[in-house]
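Heavy-atom basis, side chains included; hydrogens, waters and symmetry copies ignored.
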Amino acid sequence: IFQAGCKDAAGLYELMPEQKERGVRPRWLNYVEVADTDAAVAKAKSLGGTLLNEPFDVPGVGRMAQIEDPTGAVFMLWQSMGHTGAAAEGIGACGWTELATHDREKALAFYQAMFGWIRAEEGKPAQDGFDYAELGLEKGKPFMGVYQIRPEMGPMPSAWTNYFMVEDCDATAAKAQELGGRLYVPPQDIPDVGRFCVIADPFGASFAVVKM
């Protein structure tokens, strides 16, 4: 378990042999907390999701399952049984998560029905054809975004990306390259938001960093 500011920020484990045999690649996973993992699995399946790994217990920690949404993006369900998840905030913590999908409306319908997430901002105009939706548990307090993968983005799969908070986006991009990572998206500004870039670690797992 990684920590930032003495609080849990993320976890890491080595892919198991059976995962490697199935061609599972290194990647980051998002965990969504639920009251009952088994009930949430049934709900996900009823909404068009696919169960990839049966629910199982991590003794004294929680009960989890892996789901693929109807557009192909993978996430985890987490029922706390002693560990509620990441608690870190600020620099070094995950401050935003984002879903790139091949069917934005289908993804929005799934997650809104699945978790009760609502559009945090209605009627936000598209910029340069990029229609970005923000979701949260209540209006005005979004914690994630959803956007449609466009043809010019290439053969991207539907997937989640985590944004980690940094002091300096450009310095972090340079450090990542020094450590054997590579840039998928070089540092650039998001008007009125901050400066970000997308990085792949030496094993190919991608993530973003942002200076708000």
Does a sphere of radius 6.0 Å around CZ in Arg22 hold more than 12 heavy atoms from other residues, nucleotides or ligands, not counting ones at 6.0 Å or beyond?
yes
Could you report the tightest heavy-atom contact between Ala88 and Ala9, atom names first, then the distance?
CB-CB, 3.9 Å
Does anything in residues 164-183 form a side-chain hydrogen bond (donor to acceptor under 3.5 Å, both in side chains)? List the pairs, not counting sequence neighbours.
Asp170-Arg195, Arg182-Tyr184
Taking every heavy atom of Pro202 against every heavy atom of Leu179, the minimum-distance pair comes out as CG-O, 3.6 Å
Only pairs at least two apart or in different chains count here, so list each side-chain hydrogen bond (donor to acceptor under 3.5 Å, both in side chains) that has a residue in residues 83-93.
Asp8-His83
Ion pair check, Glu134 and Lys141, cut-off under 4.0 Å:
no
Arg119 versus Lys139, closest heavy-atom pair with distance
O-NZ, 3.3 Å
Step by step, work out the ring-ring contact (aromatic ring centres under 6.0 Å, His included) result for Trp160 and Tyr111.
CA-CA 13 Å; Trp160 289 87; Tyr111 288 103; 5.4 Å; yes
For atom CZ of Phe203, is the number of surrounding heavy atoms from other residues, nucleotides or ligands below 6.0 Å larger than 12?
no
Heavy-atom closest pair (Ile67 atom, Leu77 atom, distance to 0.1 Å) is CG1-CD1, 3.7 Å
Under the side chain to side chain donor-acceptor pair (under 3.5 Å) test, residues paired with Glu138 that sit two or more places apart:
none
Pairs satisfying salt bridge (charged side-chain N to carboxylate O under 4.0 Å, His left out), at least one member in residues 98-117, at least two apart:
Arg104-Asp131
What pair of heavy atoms forms the shortest contact from Cys169 to Lys211, and how long is it?
N-CB, 4.1 Å
Sequence-distant partners of Glu21, salt bridge (Lys or Arg N to Asp or Glu O under 4.0 Å), two or more places apart:
none
Atom CD of residue position Gln188 - does it have more than 12 heavy atoms of other residues, nucleotides or ligands inside 6.0 Å?
yes
Could you check whether Phe110 and Trp117 have their ring centres less than 6.0 Å apart?
no
For Gln112 and Leu135: C-alpha separation, side-chain torsions, deciding distance, then whether side-chain contact (heavy atoms from CB on, under 4.5 Å) applies.
CA-CA 8 Å; Gln112 287 176 298; Leu135 297 178; 4.2 Å; yes
Which residues satisfy the side chain to side chain donor-acceptor pair (under 3.5 Å) test with Trp96, sequence neighbours excluded?
Tyr132
Return yes if some donor-acceptor pair links the side-chain N/O of Ser158 with the main-chain N/O of His102 below 3.5 Å, else return no.
yes
